[in-house]
Amino acid sequence: MAKSNAYSGKSTTAIHAGEIPDPVTGASAPNIVMSSTYVSEEPAGFSAHELTDESPFLYGRWANPTVRSLEQKLAALEGTEACICLASGMAAASAIFLSLLSSGDHLIISDVSYAGVAELARDTLPRFGIEVSIVNTSDLDAVAASVRPNTKLIHSETPVNPIMRLSDVAGLAKIAKFAGAKLSCDATFASPLGQKSAELGVDYVMHSITKYIGGHGDAIGGAICGTSEDIKALNLEAAIHYGGILSPFNAWLISRGAATLPLRMRAHEEGAMAVAKWLEAHPKVTSVMYPGLESHPQHELAKAQMQNFSGMLTFQVGGAAEGQALAEVMTKELQVVHYAVSLGHHRSLIYWMPTEGLMETSFRLEGEQLEDYRQYAGDGIFRLSVGLEDASDLIADFERVLG
Ligand SMILES: *Cc1c(COP(=O)(O)O)cnc(C)c1O
């Protein structure tokens, strides 16, 4: 939880925000502060309710200098007053839901989202008496029609994992405002460089910083950016009371990754565009979904709302049987791309996601919502996170398995 300091350029911000040379040693690179407790200069209170921005560090679950530095960097990149980092993207999602919603409140959530978030909303929240509406958030009329007097929160995700469908963030913000509700948005796929979520009206900008922000596949973490007041409330409940804090070591690793985020996002976009175009021209590929392609059904919205199309794309090779067979070939024959879940790393990652299986375990969509899902994903998609390798090597790898 911390205020951001702003530089005019994103690259400078990514490198310098939240950091100062060590005042004791002059070290240019930040140290990791692992201490769980801090020596007090005078006796003070022992309740988190007494905590202010000016409070000295007291205990590691309340605040940590290394984590705070990352929070300042992310707030500056996202253009918000404050940020809180937590142990994982899921810890960030549960922090938003459980801190904002009480028994009797109503949540509108995207019918497609990160699978863990989908399952949390469908299975866990109703147990606490929270009403949950599962709505296609790319359809603003459907969202507006779902608003109830007790609607407290609208949770969106764009571009949405795994199908690459977009939601109109400014449109959702208008609906939320009119409803007197808060808007949260999981912007993990876009990263802070791909979408100005807060400027578009999002109250809680959420990221799995395991992905693009960390960028190297070696540390799990989550973040929420927003106003000082909102983030302070989240800090008290989610970090201090639920306890899902980010470890200082992970904060240090993720901060080092975040310093090159603007540079990496440009390279991810360039690589993804080259691979998407190559896939689109391949006779065995029946569909490619990448917001940067003119063929993406929401390419106009993508151009209006995104400053970088990111490195995530999906493709299909016919039906479920063809997809399953190719996935088996990929696990054995890919030499550069790793057949693995997760995304946003410097290494390219691919995973086969059959529609039927995801419907059973996570999304459970029917009727119109299932039809819409199938428009983007058919019987199943390969979700590809284009890393930072040379596009020519990635294409050679896909040539190897596609023929
Ligand atoms: C990975 C991911 C999450 C969950 O993040 P973790 O860090 O794995 O807990 C949430 N949302 C999206 C879009 C993700 O890709």
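Note: hydrogens, waters and symmetry copies are ignored here, and every other heavy atom, side chains too, is used. In listed order, ligands and their atoms are each counted from 1.
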To atom 14 (C) of ligand 1, the nearest of R383, M312, K211 on a heavy-atom basis is K211
Sub-4.0 Å heavy-atom approach of V117 to ligand 1: no
Identify the protein heavy atom lying closest to atom 6 (P) of ligand 1, giving its residue, its atom name and the separation to 0.1 Å. G89 N, 3.3 Å
Between F189 and ligand 1, is there a nitrogen or oxygen pair with a distance under 3.5 Å? no
So is A93 in contact with ligand 1, going by heavy-atom distances below 4.0 Å? no
If we number the atoms of ligand 1 from 1 as shown, the ones under 4.0 Å from a heavy atom of E157 are 13 (C)
Does the ring center of Y351 lie less than 6.0 Å from the ring center of Y339? yes
R122/D111 ion pair, N-O < 4.0 Å: no
In this structure, are over 12 heavy atoms from other groups packed under 6.0 Å from E270 atom CD? no
Interfacing atoms of ligand 1 (cut-off 4.0 Å, heavy-atom, N161): 15 (O)
Are H268 and Y212 an aromatic pair by the rule of ring centers under 6.0 Å? yes
With heavy-atom distances below 4.0 Å as the criterion, list the atoms of ligand 1 near M90. 4 (C), 5 (O), 6 (P), 9 (O)
Return the minimal non-hydrogen interatomic distance between H299 and P291, and the atom names on each side. ND1-O, 2.8 Å
Answer yes or no: is there an ion pair linking E269 with R266, defined by an N-O contact shorter than 4.0 Å? no
What protein heavy atom sits nearest atom 4 (C) of ligand 1, and how far away is it? Y114 CE2, 3.4 Å
Those atoms of ligand 1 less than 4.0 Å from some heavy atom in G221: 7 (O)
Closer than 4.0 angstrom, basic N to acidic O: yes or no for R165 and D139? no
Which of the listed options, T210, I220, V341, holds the heavy atom that is closest to atom 7 (O) of ligand 1? T210
Give a yes or no on whether E368 atom CD has more than 12 heavy-atom contacts from other residues, nucleotides or ligands under 6.0 Å away. no
Contact check: L343 vs ligand 1, nitrogen or oxygen atoms, below 3.5 angstrom: no
Between T188, D186, I209, flag the one that comes closest to atom 11 (N) of ligand 1 by a heavy atom. D186
Within the 3.5 Å criterion, strictly below it, is a donor on N136 or S138 matched to an acceptor on the partner's side chain? yes
